[in-house]
Number of protein chains: 2
Amino acid sequence: MSRASDRAYGTIREMIMSGEFAPGDALGEEALAERCGVSRTPVRDALRRLEADMLITRTGTQRSFVADWSLDDIADVFELRAMLEGYAAQRAAERMDDDTLKALRACNAELRKAVSTSPPNVDLFLERNREFHALILESAASRKLVALLASVIEQPVVWRTAHHYGEEELRRSCSEHDEVLAAFARRDGDWAEAIMSSHIRRAFHAYADAHRGLTAIDKSGRMRMA
Amino acid sequence: MSRASDRAYGTIREMIMSGEFAPGDALGEEALAERCGVSRTPVRDALRRLEADMLITRTGTQRSFVADWSLDDIADVFELRAMLEGYAAQRAAERMDDDTLKALRACNAELRKAVSTSPPNVDLFLERNREFHALILESAASRKLVALLASVIEQPVVWRTAHHYGEEELRRSCSEHDEVLAAFARRDGDWAEAIMSSHIRRAFHAYADAHRGLTAIDKSGRMRMA
DNA sequence: GGGTTCCATATTGTATACAATTCGAGTCGG
DNA sequence: CCGACTCGAATTGTATACAATATGGAACCC
């Protein structure tokens with residue numbers, strides 16, 4: 001898309017992701033426009049996209065605020081992701097061709113490489129991991145599924161805390177990917193669905209455990225994301 | 001939201017739904033603005049929303065076209081809807097309170113009333129049916145699920161063809177709703193999920209059968225929506 | 001003190017003008 | 001006849017000005 005609108009989107013998104021804006025903070029169009037060096041018009045576009053991403057919420061009068069997520073909300077998103085990615089894996093298994101399978105194997109090999117160093121290269125891991133899941137999603141061949149998962153997959157919270165994964169968790173992820181590949185090789189949709197769903201669920205609990213250790217949860221059940 | 005932007009959204013949506021614009025038609029902002037009696041600014045807002053609804057698609061250079069749906073695409077959407085509504089029903093069953101259950105029973109009673117006349121009052125049926133499913137979705141208490149289902153639930157194709165349901169299908173829908181309610185009354189999440197999922201799947205096949213009888217499918221596998 | 005009304009201010013909605021880009025027809029050369 | 005190129009027309013992107021509306025606090029009444 002266009003330059004200014006994209007820059008606004010990226011800039012605001014980054015500010016939210018990095019925690020520069022805390023959940024609940026008000027986001028005025030004028031202020032954002034100045035901060036991004038563009039006019040309000042592309043900012044409004046960006047805000048619409050960010051709303052779709054659920055990174056911001058809007059009041060009845062269209063005022064924007066940084067979304068805040070309760071632990072329940074986060075669990076919720078992971079649950080949906082587990083379901084949708086499981087479904088994607090099932091469809092992918094039924095449609096898998098040998099070329100894609102080879103590509104997935106290569107991708108997971110690189111994942112292993114990222115983990116084998118010490119300390120592990122987490123950024124590379126995340127990039128390859130994203131690629132792995134993207135390949136599967138593509139193989140699922142469902143336009144709507146792509147749209148749904150896109151809105152669920154890149155959540156701010158998850159993104160920021162992936163760095164807290166331990167080496168053991170990273171390694172286990174690779175093993176689970178292997179099992180997904182085995183299911184693909186046998187075109188076993190149910191197996192692929194089950195293992196993928198469980199893969200995502202484990203990721204959530206790893207996240208929740210790590211996060212519980214790092215941040216306090218106040219009496220209302222909300223946790224600080226910053 | 002604001003008046004002009006809403007009017008643009010509603011007007012364009014209606015034009016697509018009614019078939020005034022055929023799938024594949026180009027939608028210029030200027031032309032739409034004039035047709036809606038507003039300027040391009042609110043039209044651009046509306047187009048963004050319609051894109052999220054997947055009622056229109058956009059090229060790499062942001063030109064807009066009325067989306068066209070293959071039979072596979074439609075099957076796809078129903079499959080996702082079956083999964084998501086099944087999940088919603090499961091969560092709803094686990095959280096169901098007596099007041100909501102009573103409201104659902106009343107709602108289904110009205111559904112029956114809409115069917116009992118001859119000819120059946122299809123508009124009333126659709127309205128109450130929407131209410132029934134909305135109540136369940138609300139009880140599921142998942143913000144993200146609401147967002148996902150919203151983008152899947154009101155598809156143009158489905159909406160327009162619901163009128164083709166036969167009296168027998170309408171009656172069966174009520175019975176299936178009864179079974180969902182029975183599952184709710186027992187707080188049996190798995191049962192609720194299974195019956196709801198099957199409810200949606202049956203709706204799809206009823207739609208597909210009715211539609212196959214009414215419209216031709218050309219050699220590319222695409223079907224006319226108008 | 002608690003609540004209400006009112007108004008200045010801030011914020012969002014819309015229209016319009018203009019810049020940047022894209023599309024496609026027509027042309028030229030092979 | 002086909003393909004690459006060019007340029008005018010059409011379309012989208014952005015900035016800005018102004019209108020409409022919401023917000024928050026001060027003044028006010030009970």
Side-chain angles (χ1 to χ4, degrees), chain A residues 1-16 20-68 143 147 150-151 156, chain B residues 1-16 20-68 143 147 150-151 156:
Chain A
M1 183 175 296
S2 55
R3 199 173 71 262
S5 173
D6 277 342
R7 193 169 59 194
Y9 176 78
T11 304
I12 299 170
R13 182 186 176 99
E14 200 49 46
M15 291 195 286
I16 294 176
E20 181 173 344
F21 287 151
D25 280 4
L27 298 175
E29 295 179 357
E30 188 67 45
L32 292 174
E34 191 174 357
R35 183 74 164 72
C36 299
V38 298
S39 85
R40 273 179 53 211
T41 309
V43 167
R44 297 181 101 253
D45 260 25
L47 287 178
R48 259 198 194 299
R49 285 197 262 170
L50 291 163
E51 184 188 8
D53 293 346
M54 295 191 75
L55 277 172
I56 69 171
T57 58
R58 306 186 88 159
T59 67
T61 58
Q62 297 304 106
R63 279 169 161 71
S64 306
F65 297 87
V66 178
D68 73 336
R143 288 195 299 160
S151 82
Chain B
M1 184 176 294
S2 53
R3 195 174 75 262
S5 173
D6 276 343
R7 193 170 57 195
Y9 176 78
T11 304
I12 299 170
R13 182 187 175 98
E14 201 47 47
M15 291 194 286
I16 294 177
E20 180 173 347
F21 287 151
D25 280 3
L27 299 174
E29 296 178 356
E30 188 66 44
L32 292 174
E34 191 175 357
R35 182 74 165 73
C36 300
V38 299
S39 85
R40 274 179 53 212
T41 309
V43 167
R44 297 180 102 254
D45 260 25
L47 287 178
R48 262 204 194 295
R49 283 196 264 171
L50 291 164
E51 185 188 8
D53 293 346
M54 294 191 76
L55 278 174
I56 69 171
T57 58
R58 306 186 85 157
T59 68
T61 59
Q62 299 303 110
R63 278 167 163 70
S64 307
F65 297 85
V66 178
D68 72 335
R143 287 195 299 161
S151 81

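To find a chain, count down the sequence lines: A is the first, B the second, and so on, and within it residues start at 1.
- Contact check on B:Asp6 versus B:Arg13 returns no salt bridge, with no Lys/Arg side-chain nitrogen under 4.0 Å from an Asp/Glu carboxylate oxygen.
- Straight-line distance from the CG atom of A:Asp6 to the C1' atom of D:dG13: 11 Å, rounded to whole Å.
- Side-chain proximity of A:Ala4 to D:dG13, D:dT14, C:dA15: nearest is D:dT14.
- Rounding to the nearest 0.5 angstrom, the gap separating the OG1 atom in B:Thr57 from the CG atom in B:Leu50 is 11.5 Å.
- Across the protein-nucleic acid pair, A:Gln62 atom CD and D:dA20 atom C1' stand 14 Å apart, rounded to whole Å.
- Atom CD1 of residue B:Ile12 and atom CG of residue B:Leu55 lie 10.5 Å apart, to the nearest 0.5 angstrom.
- One atom, CZ of B:Arg7, and another, P of D:dA20, lie 14 Å apart when rounded to the nearest Å.
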Query raised in the report: Does the side-chain contact (heavy atoms from CB on, under 4.5 Å) test come out yes or no for B:Asp53 and B:Tyr9, once each step is laid out?
Result: CA-CA 11 Å; B:Asp53 293 346; B:Tyr9 176 78; 2.4 Å; yes
Report summary line: Under a 4.0 Å heavy-atom criterion, the protein footprint on nucleotides 16-23 of chain C, written with B, S and -, is B-----SS
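- With sequence neighbours excluded, the residues that form a side chain to side chain contact (heavy atoms under 4.5 Å, CB included) with A:Ala33 are A:Arg40, A:Val43.
- Separating the CD atom of A:Glu51 from the P atom of C:dT12 is a distance of 13 Å, rounded to the nearest angstrom.
- When every heavy atom of A:Ala147 is checked against every heavy atom of B:Met54, the shortest pair comes out as CB-SD, 4.3 Å.
- With rounding to the nearest 0.5 Å, the separation of CD1 in B:Ile56 from CD1 in B:Ile16 is 6.5 Å.
- For DNA chain C, the neighbouring residues in residues 24-34 of chain A, judged by any heavy atom under 4.0 Å, are A:Leu27, A:Gly28, A:Glu29.
- Separating the CZ atom of A:Phe65 from the P atom of C:dT11 is a distance of 10 Å, rounded to the nearest angstrom.
- Salt-bridge check for A:Glu20 with A:Arg35: passed, with a basic side-chain N closer than 4.0 Å to an acidic carboxylate O.
- Residues A:Val38 and B:Ser64 each lie close to DNA chain D; by heavy-atom proximity, the contact nearer the 5' end of the strand is made by B:Ser64.
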